[in-house]
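Keep in mind that the numbers below use all heavy atoms, side chains included, and drop hydrogens, waters and symmetry copies.
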Amino acid sequence: MKRITLPARPDWRDKARAVGFGFHVMYGEPYWLDDAAYTFTLDEIEAQIEEPSQELHDMCMDLVGDIVGSEESLDRLAIPEDLRDVVQRSWQRRDRHLYGRFDLAYDGSGPAKLLEYNADTPTSVFETAYFQFNWLTDQIALGVLPKEADQYNFLQESLVEAFDQFPKEPIFHFAAITDNEEDRGTTVYLMDCAVQAGHRVELLDIREIGIDAEGRYTDLKDRVIDRCFKLYPWEFMLREPFARELARSGDVFVEPAWKAVLSNKGLLPLLWQRHPNHPNLLPSYFTDDPAASTLTDYVRKPLLSREGENVTIFRQGRELVSAPGDYGDEGFIIQAYAPLFESDGGFAVLGSWVAGDRACGLAVREDRTRITANLSRFVPHVIME
């Protein structure tokens with residue numbers, strides 16, 4: 001694993017705008033880097049990223065049934081008590097799902113370590129599946145990269161296959177906060193994947209979803225929503241005023257409600273309990289577990305958080321760095337600290353994608369600090385022997 005610099009494509013900004021990637025700059029800071037890349041060998045990809053990611057996903061799926069069937073585990077994960085049956089029935093029905101992204105710490109030596117599982121929302125899916133692949137093909141055509149250069153990236157094909165598993169008859173609605181450029185661009189990309197799988201699709205703002213007299217969700221044309229992708233996390237949905245209608249919604253929403261237990265940081269200590277000393281897991285504990293006090297280098301994470309908010313890193317028992325935020329009311333977990341790949345570009349986290357139930361792609365995000373946050377940058381990757 002190395003970080004390299006190379007010439008940026010001269011027209012990459014025009015190409016970004018042409019495909020709706022207006023969020024290549026966010027908050028006045030560059031988000032996409034066209035003049036840098038992370039390189040891996042094929043063996044690194046297959047043995048250190050792809051195979052462990054598949055195993056981690058299988059381990060997570062094996063654990064879901066035990067979590068949703070245990071009131072103690074649901075308490076630990078702060079799943080609202082009055083909506084637990086929504087989560088449980090979703091798993092009992094085996095509601096179909098689309099994707100997940102493991103955040104891994106890997107520095108080119110030793111096994112990759114699971115930091116968390118982003119199993120509910122698709123941050124960076126467009127950048128991973130589409131724009132970095134175009135970057136690769138352009139850089140090969142320009143002679144910047146050798147013809148044999150490759151990429152661990154069959155995410156788009158896997159997404160289309162996952163969408164193909166859903167019934168084609170009802171309109172597949174896609175809901176997001178559409179005045180957020182990143183959310184809208186990500187959702188429109190996933191709509192295109194669904195169209196490739198043969199679906200009829202329609203975009204609506206999630207704030208425009210209505211409820212009819214029978215408690216069914218409806219769109220602006222008063223059509224019943226039978227299937228709806230929502231770019232909105234379950235921890236928010238379960239606490240919204242309209243959540244009381246979820247009990248009657250069946251399998252309308254994608255990702256399904258059972259993903260609420262996989263996208264929760266409480267998954268990490270439960271995985272460690274099930275698979276102690278697994279090479280791709282870090283020791284992780286709930287804060288009231290006496291074993292948590294045995295760690296001197298560790299990270300405290302809220303059960304629910306986004307973009308690194310309210311995460312604190314401790315070294316030798318002393319606070320090293322922390323991120324502000326509005327999370328933590330539901331509780332925290334403690335996870336052993338794992339060093340990230342460090343270079344002149346900052347600290348890199350690997351995002352290893354699963355679509356359907358198949359490990360299938362890699363995203364690399366780097367930040368100036370050890371906590372990957374909302375100003376982190378997306379850097380493409382390339383496989384070169």
Which value, rounded to the nearest 0.5 Å, describes the distance between [X] atom [atom1] and [Y] atom [atom2]?
{"X": "K15", "Y": "W135", "atom1": "NZ", "atom2": "CH2", "result": "13.0 Å"}
{"X": "S293", "Y": "Y298", "atom1": "OG", "atom2": "OH", "result": "9.5 Å"}
{"X": "S124", "Y": "N118", "atom1": "OG", "atom2": "CG", "result": "8.5 Å"}
{"X": "F286", "Y": "W272", "atom1": "CZ", "atom2": "CH2", "result": "14.5 Å"}
{"X": "S73", "Y": "R76", "atom1": "OG", "atom2": "CZ", "result": "9.0 Å"}
{"X": "D120", "Y": "L98", "atom1": "CG", "atom2": "CG", "result": "11.0 Å"}

Is the shortest side-chain heavy-atom distance between [X] and [Y] below 4.5 Å?
{"X": "D62", "Y": "R274", "answer": "yes"}
{"X": "V349", "Y": "E366", "answer": "no"}
{"X": "R223", "Y": "I171", "answer": "yes"}
{"X": "E208", "Y": "D219", "answer": "no"}
{"X": "M61", "Y": "H97", "answer": "yes"}
{"X": "P302", "Y": "E330", "answer": "no"}

Just by modelled atom types, is the [Y] backbone N or O under 3.5 Å from a matching donor or acceptor in the [X] side chain?
{"X": "N280", "Y": "A112", "value": "yes"}
{"X": "T121", "Y": "T123", "value": "no"}
{"X": "E44", "Y": "M1", "value": "yes"}
{"X": "S305", "Y": "G308", "value": "no"}
{"X": "K301", "Y": "L115", "value": "yes"}
{"X": "N153", "Y": "C360", "value": "no"}
{"X": "R101", "Y": "P122", "value": "no"}
{"X": "Q132", "Y": "L362", "value": "yes"}
{"X": "S70", "Y": "D66", "value": "no"}
{"X": "E235", "Y": "L304", "value": "no"}

Do [X] and [Y] get their side chains close enough for a donor-acceptor pair, meaning under 3.5 Å?
{"X": "H381", "Y": "Q151", "answer": "no"}
{"X": "T312", "Y": "S322", "answer": "no"}
{"X": "Y189", "Y": "Q156", "answer": "yes"}
{"X": "R365", "Y": "S376", "answer": "yes"}
{"X": "Y285", "Y": "Q273", "answer": "no"}
{"X": "T41", "Y": "D43", "answer": "no"}
{"X": "D205", "Y": "T178", "answer": "yes"}
{"X": "R315", "Y": "T296", "answer": "no"}

- Message: Could you go through V382 and L136, starting from their C-alpha distance and side-chain angles, then the distance that decides it, and tell me whether this counts as side chain to side chain contact (heavy atoms under 4.5 Å, CB included)?
- Response: CA-CA 7 Å; V382 59; L136 175 70; 3.9 Å; yes

- Task: Not counting sequence neighbours, list each pair that qualifies as a ring pair (Phe, Tyr, Trp, His ring centres under 6.0 Å) and has a residue in residues 199-237.
- Result: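 Only F172-H199, F174-F229, Y217-F242, Y217-F253, Y232-F236 qualify under ring pair (Phe, Tyr, Trp, His ring centres under 6.0 Å).
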
Is it the case that over 12 heavy atoms from other parts of the model lie below 6.0 angstrom from the [atom1] atom of [X]?
{"X": "E319", "atom1": "CD", "value": "yes"}
{"X": "D344", "atom1": "CG", "value": "no"}
{"X": "E72", "atom1": "CD", "value": "no"}
{"X": "K168", "atom1": "NZ", "value": "yes"}
{"X": "Y130", "atom1": "OH", "value": "no"}
{"X": "D11", "atom1": "CG", "value": "yes"}

- Task: Describe, in one word, how the ring planes of H275 and H278 are oriented to each other, choosing from parallel (under 30°), tilted (30 to 60°) and perpendicular (over 60°).
- Result: perpendicular

- Query: Should the pair F21 and W32 be assigned to parallel (<30°), tilted (30 to 60°) or perpendicular (>60°) ring geometry?
  - Reply: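 Because their plane-to-plane angle is over 60°, the rings of F21 and W32 count as perpendicular.
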
- side chain to side chain contact (heavy atoms under 4.5 Å, CB included) between E255 and Y99, intermediate numbers included: CA-CA 8 Å; E255 294 289 88; Y99 51 66; 4.0 Å; yes

- Taking only residues two or more places apart in sequence or in another chain, which ones pass side chain to side chain donor-acceptor pair (under 3.5 Å) with S90?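 For S90, the residues satisfying side chain to side chain donor-acceptor pair (under 3.5 Å) (neighbours in sequence not counted) are D95.
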
- Task: Any chance you could lay out the side chain to side chain contact (heavy atoms under 4.5 Å, CB included) test for L83 and M237, step after step, and finish with the verdict?
- Result: CA-CA 11 Å; L83 290 170; M237 287 185 65; over 6 Å; no

Nearest heavy-atom pair of [X] and [Y]: which atoms, and what distance?
{"X": "T218", "Y": "I211", "value": "OG1-N, 3.8 Å"}
{"X": "A105", "Y": "L340", "value": "CB-CD2, 3.7 Å"}
{"X": "L238", "Y": "A260", "value": "CD1-CB, 4.3 Å"}
{"X": "A16", "Y": "H24", "value": "CB-ND1, 3.8 Å"}

- Item | Counterpart residues, ring-ring contact (aromatic ring centres under 6.0 Å, His included), relative to F133 (two or more places apart) |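 By the ring-ring contact (aromatic ring centres under 6.0 Å, His included) rule, F133 matches no residue at all.
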
- For Y337, what residues pass the ring-ring contact (aromatic ring centres under 6.0 Å, His included) criterion, not counting sequence neighbours?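 Checked Y337 against ring-ring contact (aromatic ring centres under 6.0 Å, His included); zero matches.
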
- Message: side chain to side chain contact (heavy atoms under 4.5 Å, CB included) for T287 and I333? Distances and angles first, verdict last.
- Response: CA-CA 5 Å; T287 53; I333 63 104; 5.8 Å; no

- Query: For the residue pair F131 and F378, is the inter-centroid distance of their aromatic rings smaller than 6.0 Å?
  - Reply: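 No, they do not, as the ring centres are separated by 6.0 Å or more.
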
- Message: Between K113 and D103, does any side-chain N to carboxylate O distance fall below 4.0 Å?
- Response: no

- From the list R96, R227, R94, R89, salt bridge (Lys or Arg N to Asp or Glu O under 4.0 Å) partner of D251 resolves to R227

- Message: I'd like to check the side chain to side chain contact (heavy atoms under 4.5 Å, CB included) partners of V252; sequence neighbours left out, ordered by chain and number.
- Response: I225, C228, S249

- Item | salt bridge (Lys or Arg N to Asp or Glu O under 4.0 Å) partners of residues 143-162, not counting sequence neighbours, each pair once |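 Found E161-R358.
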
- Message: Tell me whether the NZ or CZ atom of R300 lies within the 45° cone about the ring axis of F332 and under 6.0 Å from its centre.
- Response: yes

- Message: Quick check with a 6.0 Å cut-off and a 45 degree axis cone: is R368 positioned over the face of F347's six-membered ring?
- Response: no

